[in-house]
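Right, one structure below, let's go through it.
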Amino acid sequence: GEKVEQHESTLSVREGDSAVINCTYTDTASSYFPWYKQEAGKSLHFVIDIRSNVDRKQSQRLIVLLDKKAKRFSLHITATQPEDSAIYFCAASWSNNRIFFGDGTQLVVKP
Amino acid sequence: AQTIHQWPVAEIKAVGSPLSLGCTIKGKSSPNLYWYWQATGGTLQQLFYSITVGQVESVVQLNLSASRPKDDQFILSTEKLLLSHSGFYLCAWSLRRANQAPLFGEGTRLSVL
(Lines give C-alpha, C1' and ligand atoms only; values in the text may rest on other atoms or scores of the structure.)
Protein backbone atom coordinates (compact mmCIF):
# COMPACT_ATOMS: atom_id res chain seq x y z
CA GLY A 1 0.00 0.00 0.00
CA GLU A 2 0.87 3.66 -0.02
CA LYS A 3 3.51 4.92 2.33
CA VAL A 4 3.97 8.60 3.14
CA GLU A 5 7.22 9.73 4.67
CA GLN A 6 7.45 13.05 6.43
CA HIS A 7 11.09 14.06 6.54
CA GLU A 8 11.24 16.49 9.41
CA SER A 9 10.03 15.20 12.76
CA THR A 10 10.71 18.61 14.33
CA LEU A 11 11.32 22.02 12.83
CA SER A 12 12.23 25.20 14.66
CA VAL A 13 12.12 28.62 12.99
CA ARG A 14 12.21 32.25 14.08
CA GLU A 15 9.03 34.27 13.88
CA GLY A 16 8.79 35.88 10.47
CA ASP A 17 10.95 33.28 8.74
CA SER A 18 9.59 30.61 6.39
CA ALA A 19 9.09 26.99 7.38
CA VAL A 20 9.20 24.11 4.90
CA ILE A 21 7.92 20.60 5.58
CA ASN A 22 8.73 17.91 3.05
CA CYS A 23 6.92 14.66 2.31
CA THR A 24 7.40 11.83 -0.15
CA TYR A 25 4.99 9.13 -1.22
CA THR A 26 5.39 5.76 -2.89
CA ASP A 27 2.24 5.08 -4.90
CA THR A 28 2.27 6.72 -8.33
CA ALA A 29 -1.52 6.44 -8.35
CA SER A 30 -1.80 8.97 -5.53
CA SER A 31 -3.53 12.04 -6.84
CA TYR A 32 -4.61 14.04 -3.83
CA PHE A 33 -2.49 15.52 -1.07
CA PRO A 34 -4.11 17.24 1.91
CA TRP A 35 -2.32 18.87 4.84
CA TYR A 36 -3.57 19.10 8.42
CA LYS A 37 -2.60 21.07 11.51
CA GLN A 38 -2.93 19.64 15.02
CA GLU A 39 -2.56 21.93 18.00
CA ALA A 40 -1.65 20.45 21.36
CA GLY A 41 -4.44 18.30 22.77
CA LYS A 42 -6.76 18.99 19.86
CA SER A 43 -8.06 17.30 16.75
CA LEU A 44 -6.81 17.69 13.19
CA HIS A 45 -7.72 20.79 11.25
CA PHE A 46 -7.54 20.79 7.45
CA VAL A 47 -5.34 23.62 6.15
CA ILE A 48 -4.68 23.16 2.44
CA ASP A 49 -4.59 20.53 -0.27
CA ILE A 50 -3.27 20.00 -3.78
CA ARG A 51 -4.41 17.76 -6.60
CA SER A 52 -2.13 16.07 -9.08
CA ASN A 53 -3.28 18.19 -12.00
CA VAL A 54 -1.39 21.21 -10.60
CA ASP A 55 2.08 21.66 -9.15
CA ARG A 56 1.52 24.69 -6.94
CA LYS A 57 -1.26 26.04 -4.78
CA GLN A 58 -1.35 29.00 -2.42
CA SER A 59 -3.72 30.01 0.30
CA GLN A 60 -2.65 33.16 2.11
CA ARG A 61 0.66 32.30 3.85
CA LEU A 62 0.53 28.62 2.89
CA ILE A 63 2.04 27.27 -0.32
CA VAL A 64 1.98 23.64 -1.39
CA LEU A 65 4.31 22.35 -4.09
CA LEU A 66 3.96 18.99 -5.83
CA ASP A 67 6.67 17.24 -7.84
CA LYS A 68 5.01 14.17 -9.33
CA LYS A 69 8.19 12.97 -10.97
CA ALA A 70 10.02 12.83 -7.65
CA LYS A 71 6.86 11.81 -5.77
CA ARG A 72 7.48 14.66 -3.40
CA PHE A 73 5.31 17.43 -2.01
CA SER A 74 5.96 20.18 0.47
CA LEU A 75 4.23 22.76 2.64
CA HIS A 76 5.73 26.23 2.85
CA ILE A 77 4.55 28.53 5.61
CA THR A 78 5.71 32.08 4.96
CA ALA A 79 6.05 34.87 7.53
CA THR A 80 5.57 32.42 10.39
CA GLN A 81 3.76 33.49 13.54
CA PRO A 82 3.74 31.90 17.01
CA GLU A 83 0.23 30.58 16.39
CA ASP A 84 1.62 28.48 13.52
CA SER A 85 3.30 26.29 16.16
CA ALA A 86 1.65 22.86 15.94
CA ILE A 87 2.09 19.40 14.48
CA TYR A 88 1.57 19.32 10.72
CA PHE A 89 0.57 16.13 8.93
CA CYS A 90 0.87 15.49 5.23
CA ALA A 91 -1.27 12.85 3.56
CA ALA A 92 -1.70 11.15 0.20
CA SER A 93 -4.66 9.46 -1.38
CA TRP A 94 -5.64 7.75 -4.61
CA SER A 95 -9.10 6.81 -3.40
CA ASN A 96 -11.75 8.68 -1.49
CA ASN A 97 -11.78 5.85 1.03
CA ARG A 98 -8.11 5.54 1.90
CA ILE A 99 -5.87 8.37 2.98
CA PHE A 100 -2.36 7.68 4.22
CA PHE A 101 -0.74 10.04 6.70
CA GLY A 102 2.85 10.92 7.42
CA ASP A 103 4.13 10.76 10.99
CA GLY A 104 3.81 14.50 11.56
CA THR A 105 6.21 17.43 11.93
CA GLN A 106 6.33 19.42 15.16
CA LEU A 107 6.78 23.04 14.12
CA VAL A 108 8.01 25.48 16.74
CA VAL A 109 7.97 29.19 15.92
CA LYS A 110 10.23 31.10 18.28
CA PRO A 111 9.55 34.78 18.96
CA ALA B 1 -23.10 24.33 7.79
CA GLN B 2 -21.93 20.83 8.46
CA THR B 3 -21.14 19.90 12.01
CA ILE B 4 -19.56 16.76 13.37
CA HIS B 5 -20.02 15.76 16.97
CA GLN B 6 -18.19 13.01 18.81
CA TRP B 7 -19.10 11.53 22.14
CA PRO B 8 -17.89 11.15 24.80
CA VAL B 9 -15.12 13.71 24.93
CA ALA B 10 -13.03 11.44 27.13
CA GLU B 11 -13.28 8.03 28.75
CA ILE B 12 -11.34 6.12 31.37
CA LYS B 13 -12.07 2.42 31.16
CA ALA B 14 -10.80 -0.82 32.66
CA VAL B 15 -9.10 -3.52 30.63
CA GLY B 16 -11.67 -6.07 29.56
CA SER B 17 -14.61 -3.68 29.73
CA PRO B 18 -16.78 -2.81 26.71
CA LEU B 19 -16.58 0.44 24.76
CA SER B 20 -18.85 2.42 22.51
CA LEU B 21 -17.83 5.70 20.86
CA GLY B 22 -20.17 7.71 18.70
CA CYS B 23 -20.06 10.25 15.91
CA THR B 24 -22.87 12.27 14.33
CA ILE B 25 -22.72 14.45 11.23
CA LYS B 26 -25.34 17.12 10.68
CA GLY B 27 -26.03 19.15 7.59
CA LYS B 28 -24.78 16.72 4.96
CA SER B 29 -26.59 13.72 3.54
CA SER B 30 -24.82 10.50 2.60
CA PRO B 31 -21.31 11.48 3.65
CA ASN B 32 -18.36 9.14 3.65
CA LEU B 33 -17.45 8.44 7.27
CA TYR B 34 -14.15 7.39 8.80
CA TRP B 35 -12.68 6.30 12.12
CA TYR B 36 -9.04 7.05 12.88
CA TRP B 37 -6.87 6.21 15.88
CA GLN B 38 -3.91 8.19 17.09
CA ALA B 39 -1.56 6.82 19.73
CA THR B 40 -0.22 9.43 22.12
CA GLY B 41 2.14 11.64 20.13
CA GLY B 42 1.81 9.30 17.19
CA THR B 43 0.66 9.08 13.63
CA LEU B 44 -2.87 8.46 12.45
CA GLN B 45 -4.13 5.02 11.64
CA GLN B 46 -7.31 4.66 9.63
CA LEU B 47 -9.52 2.00 11.22
CA PHE B 48 -12.77 1.94 9.24
CA TYR B 49 -14.66 3.74 6.52
CA SER B 50 -18.26 3.72 5.41
CA ILE B 51 -19.84 5.03 2.24
CA THR B 52 -23.44 4.22 3.10
CA VAL B 53 -25.77 3.04 5.86
CA GLY B 54 -25.11 -0.50 6.96
CA GLN B 55 -21.86 -0.78 5.01
CA VAL B 56 -18.55 -0.59 6.86
CA GLU B 57 -15.12 -1.57 5.58
CA SER B 58 -12.31 -2.47 7.95
CA VAL B 59 -8.87 -1.09 7.19
CA VAL B 60 -6.90 -2.51 10.11
CA GLN B 61 -7.77 -5.07 12.73
CA LEU B 62 -7.40 -3.77 16.26
CA ASN B 63 -10.08 -5.88 17.96
CA LEU B 64 -12.56 -3.11 17.24
CA SER B 65 -15.73 -3.00 15.20
CA ALA B 66 -17.75 -0.23 13.61
CA SER B 67 -21.32 0.21 12.50
CA ARG B 68 -23.34 2.79 10.63
CA PRO B 69 -26.91 2.41 11.85
CA LYS B 70 -28.08 5.71 10.35
CA ASP B 71 -26.88 7.92 7.51
CA ASP B 72 -25.53 10.48 9.95
CA GLN B 73 -24.18 8.17 12.65
CA PHE B 74 -21.01 6.11 12.98
CA ILE B 75 -20.30 3.93 16.02
CA LEU B 76 -16.98 2.39 17.12
CA SER B 77 -17.10 -0.39 19.67
CA THR B 78 -15.50 -3.39 21.27
CA GLU B 79 -16.66 -5.91 23.83
CA LYS B 80 -13.28 -6.17 25.52
CA LEU B 81 -10.80 -3.34 25.81
CA LEU B 82 -7.05 -3.88 25.74
CA LEU B 83 -4.37 -1.59 27.14
CA SER B 84 -3.27 -0.96 23.55
CA HIS B 85 -6.62 0.65 22.76
CA SER B 86 -5.64 3.78 24.65
CA GLY B 87 -5.31 6.83 22.47
CA PHE B 88 -7.22 9.48 20.59
CA TYR B 89 -10.14 8.39 18.42
CA LEU B 90 -11.15 10.66 15.60
CA CYS B 91 -14.24 10.51 13.43
CA ALA B 92 -14.16 12.27 10.06
CA TRP B 93 -16.43 12.86 7.11
CA SER B 94 -16.03 13.76 3.45
CA LEU B 95 -18.19 14.23 0.42
CA ARG B 96 -18.85 11.27 -1.84
CA ARG B 97 -16.96 12.76 -4.75
CA ALA B 98 -13.33 11.84 -5.14
CA ASN B 99 -10.48 13.74 -3.57
CA GLN B 100 -11.92 15.73 -0.77
CA ALA B 101 -10.08 16.03 2.52
CA PRO B 102 -11.80 14.31 5.43
CA LEU B 103 -12.86 16.83 8.06
CA PHE B 104 -12.38 15.71 11.63
CA GLY B 105 -14.46 15.84 14.76
CA GLU B 106 -13.03 16.95 18.09
CA GLY B 107 -12.08 13.42 19.06
CA THR B 108 -12.47 11.13 22.05
CA ARG B 109 -9.52 10.59 24.34
CA LEU B 110 -9.53 7.04 25.72
CA SER B 111 -7.43 5.79 28.62
CA VAL B 112 -7.52 2.06 29.32
CA LEU B 113 -6.20 1.11 32.75
Side-chain angles (χ1 to χ4, degrees), chain A residues 1-10 21 23 25 27 29-54 57 59 62 64 66 68 73 75 86-107, chain B residues 2-10 21 23 25 28 30-52 55-60 66 68 74 87-111:
Chain A
E2 172 67 283
K3 183 170 170 55
V4 177
E5 188 172 348
Q6 206 161 335
H7 295 264
E8 298 83 8
S9 57
T10 60
I21 301 170
C23 292
Y25 60 99
D27 194 336
S30 288
S31 58
Y32 179 62
F33 307 90
W35 287 84
Y36 294 86
K37 177 183 181 182
Q38 186 177 32
E39 296 176 351
K42 295 190 176 180
S43 181
L44 272 75
H45 175 69
F46 168 75
V47 291
I48 192 170
D49 60 7
I50 190 166
R51 289 172 174 77
S52 59
N53 59 342
V54 297
K57 182 175 179 178
S59 174
L62 302 179
V64 181
L66 173 62
K68 290 187 291 291
F73 58 115
L75 174 67
I87 299 175
Y88 289 83
F89 289 93
C90 62
S93 171
W94 50 265
S95 155
N96 209 26
N97 298 321
R98 292 301 314 277
I99 295 187
F100 299 85
F101 284 83
D103 289 341
T105 296
Q106 174 75 64
L107 173 65
Chain B
Q2 302 84 20
T3 59
I4 178 168
H5 173 60
Q6 283 189 245
W7 73 91
V9 172
L21 304 180
C23 173
I25 291 84
K28 182 59 66 177
S30 303
N32 286 346
L33 298 176
Y34 312 86
W35 278 112
Y36 285 85
W37 173 73
Q38 185 181 35
T40 304
T43 193
L44 289 136
Q45 174 65 64
Q46 186 176 352
L47 302 175
F48 299 93
Y49 67 87
S50 170
I51 63 171
T52 192
Q55 187 177 330
V56 177
E57 300 296 330
S58 173
V59 175
V60 63
R68 187 169 177 178
F74 207 17
F88 197 31
Y89 288 85
L90 294 155
C91 180
W93 74 275
S94 72
L95 292 173
R96 283 279 181 91
R97 65 164 193 247
N99 294 340
Q100 192 230 6
L103 300 179
F104 288 83
E106 294 307 307
T108 295
R109 203 162 295 280
L110 174 67
S111 296

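What you are looking at is a predicted structure, and each value in this text was computed from that prediction instead of being measured. Lettering follows sequence order; numbering is per chain, from 1.
Note that the OG atom of S50(B) and the CG atom of N97(A) stand 9.0 Å from one another [nearest 0.5 Å]. Interatomic distance, OH of Y36(B) versus CG of L44(A), reported as 9.5 Å (0.5 Å rounding).
Ranked by heavy-atom pairs under 4.5 Å with chain B, the list F46(A), F33(A), F89(A) is led by F89(A). Comparing Q38(A), H45(A), Q106(A) by how many heavy-atom pairs each has under 4.5 Å with chain B, the most go to Q38(A).
Contacts of S58(B) classified as side chain to side chain donor-acceptor pair (under 3.5 Å), with partners at least two apart in sequence or in another chain: Q61(B). With sequence neighbours left out, K57(A) forms a salt bridge (charged side-chain N to carboxylate O under 4.0 Å, His left out) with D49(A).
In terms of heavy-atom proximity, Q100(B) sits nearest to Y32(A) at C-OH, 3.6 Å. Heavy-atom minimum distance, S43(A) versus L90(B): OG-CD2, 3.1 Å. Across every non-hydrogen atom of G41(A) and R109(B), the tightest pair is O-NH2, 3.3 Å. Contact record, I99(A) with Q46(B): N-OE1, 3.4 Å, taken as the closest heavy-atom pair.
Each of F100(A), F101(A), Y36(A) was checked for a side-chain contact (heavy atoms from CB on, under 4.5 Å) with L44(B), and the lone residue meeting it is F101(A).
Heavy-atom distances place no part of Q45(B) under 4.5 Å from chain A, backbone and side chain included.
By the 6.0 Å contact criterion, NZ on K68(A) is enclosed, its count of non-hydrogen atoms from other residues, nucleotides or ligands being greater than 12.
Proximity of V59(B) to R98(A): side-chain heavy atoms (C-beta onward) are separated by under 4.5 Å at one or more points.
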